[in-house]
Amino acid sequence: MLKGRDIISINELTVDEIKEIFKTADKMLEVLKEGGSDVLKGFVMATAFFEPSTRTRLSFQTAMVRLGGNYIDLAEISRSSLAKGENFADTIRMLDSYADVIIVRHKIEGAARFAAEIAESPVINAGDGMRHHPTQALIDLYTIRRSFGSIDDLTIGVLGDLKYGRAATSFIYGVTKFNPRKLHLISPESLRIRLEVREHLASRGIEFVEESDLEKVLPKLDVLYVTRIQKERFPDPAEYEKVKGSYKITRRVLEKAKENLIILHPLPRVEEISLDVDGTPYAKYFEQAKYGVPVRMALLKLILKG
Ligand code: NCD
């Protein structure tokens, strides 16, 4: 089903494909306990990150190595021929001739799709501007499934930068594949979801409400997905100054939470979750980051070998 496929947006995956990825990820957790396998021996993955990354790049590389494959990394732009003015398309063409799968992150929306049109090898989008981050959404949904056994019938809050955040946007798209009870989209007025996301939610018949006050809605939530305000994507720095620090989740705020609430965050966090929340049972964001490896192992295995 997934063999040879490009993964540009979570919207392109069916629920059955997502479930297949999750089942494979469950198996990968077992594989990891045994130290890995050599199912992707002989395969090469290229990572081409034109924007900063810690978790996404390193967990893709870890996933490949744990499955017996290898990777090549474009490294910083200053160390590659991009610094000599080589264009993106030529760079992708070269990587295509060296690798069996290409992982691309870029600040420009549509860059991963463009790479997929050029390359014969499958391309996985590791984040394009404010638009899509499909593998992050898979990890987020997988973490919910591991915590609750299912993604259906949950009341889910998404907090922070819903306008510029690709992780928030992809998570919302991903959730619409399932049957949440209700979505609470919590953000400052100026960082509401974009029109295309609002239309997508409406077309899927998902019940959602847009609001600003976290403390009011918190007691209703089963899942709280927190995101960073995307400073680097604001066209006007003055606009960022107005909304920075809008939310801060502390132990005190969580006094009103449901007992089983889980808090997710794609990370990096800046100041939206206070460090003293890390030790509470609500904090699932480090576990979520850990699932980056088995989920990406599953995806690489299914794309490269079926
Ligand atoms: C996110 C991203 O790059 O979009 N990080 C990640 O991949 N885990 C979130 C962010 O930068 O805020």
Side-chain angles (χ1 to χ4, degrees), residues 7-11 25 45 47-63 73-74 76-77 103-113 115 123-144 157-175 185-188 191 193-194 197 223-234 239-240 243-249 262-273 278 283-297 299-300:
I7 309 288
I8 307 301
S9 139
I10 187 88
N11 295 336
M45 171 184 81
T47 43
F49 282 62
F50 299 85
E51 259 196 340
S53 171
T54 302
R55 276 152 291 270
T56 307
R57 188 168 48 89
L58 294 181
S59 65
F60 261 116
Q61 293 174 349
T62 305
D73 185 75
L74 186 63
E76 295 134 55
I77 294 171
I103 319 298
V104 177
R105 168 172 288 191
H106 204 290
K107 69 171 190 288
I108 298 174
E109 283 89 50
R113 171 98 51 211
V123 169
I124 303 179
N125 184 4
D128 65 329
M130 61 179 185
R131 191 101 47 89
H132 294 294
H133 195 351
T135 62
Q136 183 64 50
L138 288 170
I139 293 159
D140 306 337
L141 296 170
Y142 184 70
T143 310
I144 297 177
V158 191
L159 174 87
D161 189 343
L162 310 185
K163 181 177 180 183
Y164 297 115
R166 59 190 173 207
T169 302
S170 294
F171 175 69
I172 293 168
Y173 281 138
V175 165
L185 305 174
I186 312 148
S187 72
L191 297 179
I193 49 168
R194 300 188 300 275
V197 184
V223 176
L224 176 59
Y225 189 88
V226 184
T227 64
R228 169 180 74 89
I229 309 235
Q230 307 275 303
K231 183 177 182 183
E232 70 276 25
R233 301 195 205 287
F234 279 66
E239 285 306 308
Y240 171 74
V243 290
K244 77 166 194 210
S246 294
Y247 297 101
K248 177 134 192 148
I249 297 166
I262 63 166
I263 301 176
L264 303 180
H265 193 308
L267 303 176
R269 78 172 134 183
V270 186
E271 50 184 4
E272 54 283 348
I273 303 180
D278 297 358
K284 284 275 187 259
Y285 29 91
F286 294 120
E287 190 175 323
Q288 177 189 4
K290 212 173 73 189
Y291 288 141
V293 174
V295 170
R296 290 181 169 117
M297 284 167 81
L299 203 57
L300 290 170

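Note that this is a predicted model, so its numbers are computed, not measured. First listed ligand is number 1; within each ligand, the first listed atom is number 1. Index from 1, following the sequence.
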query: Taking N or O atoms only and a 3.5 Å limit, does R233 qualify as a polar contact for ligand 1?
result: no
message: Regarding ligand 1, does P266 bring an N or O atom to under 3.5 Å of one of the ligand's N or O atoms?
response: yes
- prompt: What part of Q230, side chain from CB on, backbone N/CA/C/O, both or neither, has a heavy atom under 4.0 Å from ligand 1?
  reply: side chain
field: Within-cut-off N or O pair, L267 and ligand 1, under 3.5 Å
entry: yes
field: atom 7 (O) of ligand 1 - nearest protein heavy atom and its distance
entry: H133 NE2, 2.7 Å
Geometric cation-pi criterion R105 and F49, 6.0 Å radius, 45° cone: no
- prompt: Going by the atom numbers of ligand 1, which of them fall below 4.0 Å from some non-hydrogen atom of Q136?
  reply: 6 (C), 7 (O), 8 (N)
message: Under 4.0 Å, counting heavy atoms only: does A289 come that close to any atom of ligand 1?
response: no
query: Any idea which protein heavy atom is nearest atom 11 (O) of ligand 1, and the distance to it?
result: R228 NH2, 2.8 Å
message: In this structure, does ligand 1 have an atom that sits under 4.0 Å from one of the heavy atoms of R105?
response: yes
message: Does any N or O of ligand 1 fall below 3.5 Å from an N or O anywhere on R55, backbone included?
response: no
task: Considering the heavy atoms of T56, write down every atom of ligand 1 situated less than 4.0 Å from one of them.
output: 6 (C), 7 (O)
- prompt: When the ring planes of Y164 and F234 are compared, do they come out parallel, tilted or perpendicular, using 30° and 60° as the limits?
  reply: tilted
statement: Nearest non-hydrogen protein atom to atom 4 (O) of ligand 1, with distance, is R166 NE, 2.7 Å
query: If we ignore angles and hydrogens, is there a donor and acceptor under 3.5 Å between the side chains of Q61 and T47?
result: yes
field: Whether Y225 and F171 hold their rings parallel, tilted or perpendicular, with breakpoints at 30° and 60°
entry: parallel
- prompt: Cut-off 3.5 Å, side chains only: do D161 and T227 have a donor facing an acceptor?
  reply: no
field: More than 12 heavy atoms of other groups within 6.0 Å of K248 NZ
entry: yes
message: I'd like to know if K163 and E239 make a salt bridge, using a cut-off of under 4.0 Å between side-chain N and carboxylate O.
response: no
message: For a quick check under 3.5 Å, do R228 and H265 share a side-chain donor-acceptor pair by atom type?
response: no
